[in-house]
Amino acid sequence: MSKECEQKCLRSKRRIDELIRYIKDGCSAVNPADLNWTICNLNPYIECLNPDILYHLTLDTKTTDFPKVFGDVRFVCLGGTGDRMNKFANFIIGEIGLTLSMAVQLIDISAGGHRYALYKAGPVLCASHGIGGPSISILLHELIKLVYHAKCQDPVFFRLGTSGGIGLEPGTVVITTQALDSQLRPAYEVVVHTKPQLWPTTLNQTLAKELSSLSDPCEDGYDTVLGKTLSANDFYVEQSRLDGAFCMYTPQKKMCFLQQISKMGVANMEMESTAFAAILHQAGIRAAVVCVTIVNRNDGDQIDTPPDVLKQFDLRPQILVARYMRKVLFKCDEDIVEGCPCDPVPECN
Ligand code: R2B
Ligand code: URA
């Protein structure tokens with residue numbers, strides 16, 4: 001073996017030894033002194049990634065200074081579509097007293113990935129999650145790493161969405177107390193090395209109640225209720241619809257199912273709350289699901305609510321979450337928010 005080759009082999013062996021030591025020692029994951037709040041169960045190997053590439057968000061720790069760009073994030077809001085989250089980001093700017101100069105537009109930070117949209121409105125990060133557990137799960141992995149790298153202080157996550165209500169007038173807002181899967185388990189199933197694991201879908205009850213306390217049916221003109229949410233892996237059959245391409249049950253069986261889940265306290269059905277609740281619970285991050293109902297499933301399955309009414313409905317979870325943010329940021333009660341001598345919030349970046 002030539003001298004050069006010998007040196008190469010030695011270098012490569014040293015690198016492998018280093019890697020093994022890293023893995024064995026857990027590469028001293030999170031330094032709790034760096035955070036007032038610690039993310040639970042965080043992957044220790046993140047520390048070995050230099051840079052860490054958040055592929056779907058088109059961000060990496062080499063080219064972006066996470067603490068500088070995202071360190072002030074206090075709230076992370078997720079919703080189904082990029083368009084909705086763009087509107088939400090622009091809405092929230094006004095709601096929390098930020099100003100955007102006329103010439104400035106919010107940019108989609110993750111546009112290059114063509115998967116998710118990501119906007120930053122001061123301390124509020126707004127992202128679209130697509131449809132279903134797998135889609136929101138990928139986004140959450142990357143957002144949790146984002147808030148970790150950025151050293152954000154105890155951020156709160158919200159999912160603002162649409163859902164099918166059970167016995168509720170369309171337009172009702174449901175704050176989820178517990179997310180159930182299609183087998184009615186308060187769990188999200190994750191298959192690791194062929195073995196299913198059930199992750200609990202625990203949501204922060206204090207946060208849910210706090211949000212509920214900020215609703216005012218008389219003033220709002222619609223109800224906001226607390227209830228369980230059934231999170232399905234499908235819009236049609238798993239939600240017992242009669243209008244999908246396939247249907248293997250009768251209308252009577254459908255009504256029976258709706259009655260059964262309603263008796264269990266299920267108020268609405270959607271497609272992401274189990275993944276959302278379970279993943280954030282794993283991380284020890286406070287989270288809430290706020291969805292407006294766009295159909296009363298006792299009356300039908302098709303979404304025939306006119307588009308302009310749906311647009312109005314979209315705003316309802318946003319309005320509630322904005323009230324919460326104002327309360328937290330300005331530390332004043334909602335009813336005195338207008339005249340509250342709040343500290344000005346820094347310019348939006
Ligand atoms: C609500 O609406 C979408 C399906 O139309 C899905 O993302 C959900 O949870
Ligand atoms: N989203 C769902 O998943 N189901 C509905 O019925 C409405 C919206």
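Here, residue 1 is the first one in the sequence, and each next residue gets the next number. Whatever order the structure lists them in is the order used to number ligands and atoms, beginning at 1. A quick note: this is a predicted structure, and the numbers were derived from the prediction, not measured.
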| message | Between Pro251 and Leu242, is there a side-chain heavy-atom distance shorter than 4.5 Å? | response |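 Side chain of Leu242 against side chain of Pro251, heavy atoms only: contact under 4.5 Å found.
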Going by the atom numbers of ligand 1, which of them fall below 4.0 Å from some non-hydrogen atom of [X]?
{"X": "Thr162", "answer": "1 (C), 2 (O)"}
{"X": "Glu270", "answer": "9 (O)"}
{"X": "Glu272", "answer": "6 (C), 7 (O), 8 (C), 9 (O)"}
{"X": "Arg159", "answer": "9 (O)"}

| Counting only heavy atoms, which portion of Met269 has something under 4.0 Å from ligand 1: side chain, backbone, both, or neither? |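 Met269 to ligand 1: no contact under 4.0 Å from either part.
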| message | For the 3.5 Å polar cut-off, considering only N or O atoms, please tell me whether Met271 and ligand 1 meet it. | response |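 Between Met271 and ligand 1, an N or O pair is found under 3.5 Å apart.
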What are the two closest non-hydrogen atoms of [X] and [Y], and how far apart are they?
{"X": "Cys126", "Y": "Phe88", "result": "SG-CD2, 3.6 Å"}
{"X": "Arg84", "Y": "Gly161", "result": "NH1-CA, 3.9 Å"}
{"X": "Gln282", "Y": "Trp199", "result": "CG-CE3, 3.3 Å"}
{"X": "Ile144", "Y": "Leu280", "result": "CD1-CD2, 4.0 Å"}

| field | Side-chain ion pair, Lys87 and Asp314, N-O less than 4.0 Å | value |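 No, no charged N to carboxylate O under 4.0 Å.
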| said: Among all protein heavy atoms in this structure, tell me which lies nearest to atom 4 (C) of ligand 1, with the distance rounded to 0.1 Å. | reply: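 Answer for atom 4 (C) of ligand 1: Phe235 CD1, 3.7 Å.
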| Is there a donor-acceptor pair closer than 3.5 Å between any side-chain N or O of Thr176 and the backbone N or O of Thr229? |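 No.
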| Looking only at atom types and distance, does a side-chain atom of Gln239 sit under 3.5 Å from a main-chain N or O of Asp234, one as donor and one as acceptor? |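 A pair under 3.5 Å: yes.
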| query | In terms of hydrophobic clusters joined by side-chain contacts under 4.5 Å, are Val174 and Ile136 together? | reply |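 The answer is no; the residues belong to distinct hydrophobic clusters.
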| Taking any residue with a non-hydrogen atom under 4.0 angstrom from an atom of ligand 2, which ones do you get? |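 Heavy-atom contacts below 4.0 Å: Thr162, Ser163, Gly164, Phe235, Gln239, Arg241, Met269, Glu270, Met271, Ile294, Val295.
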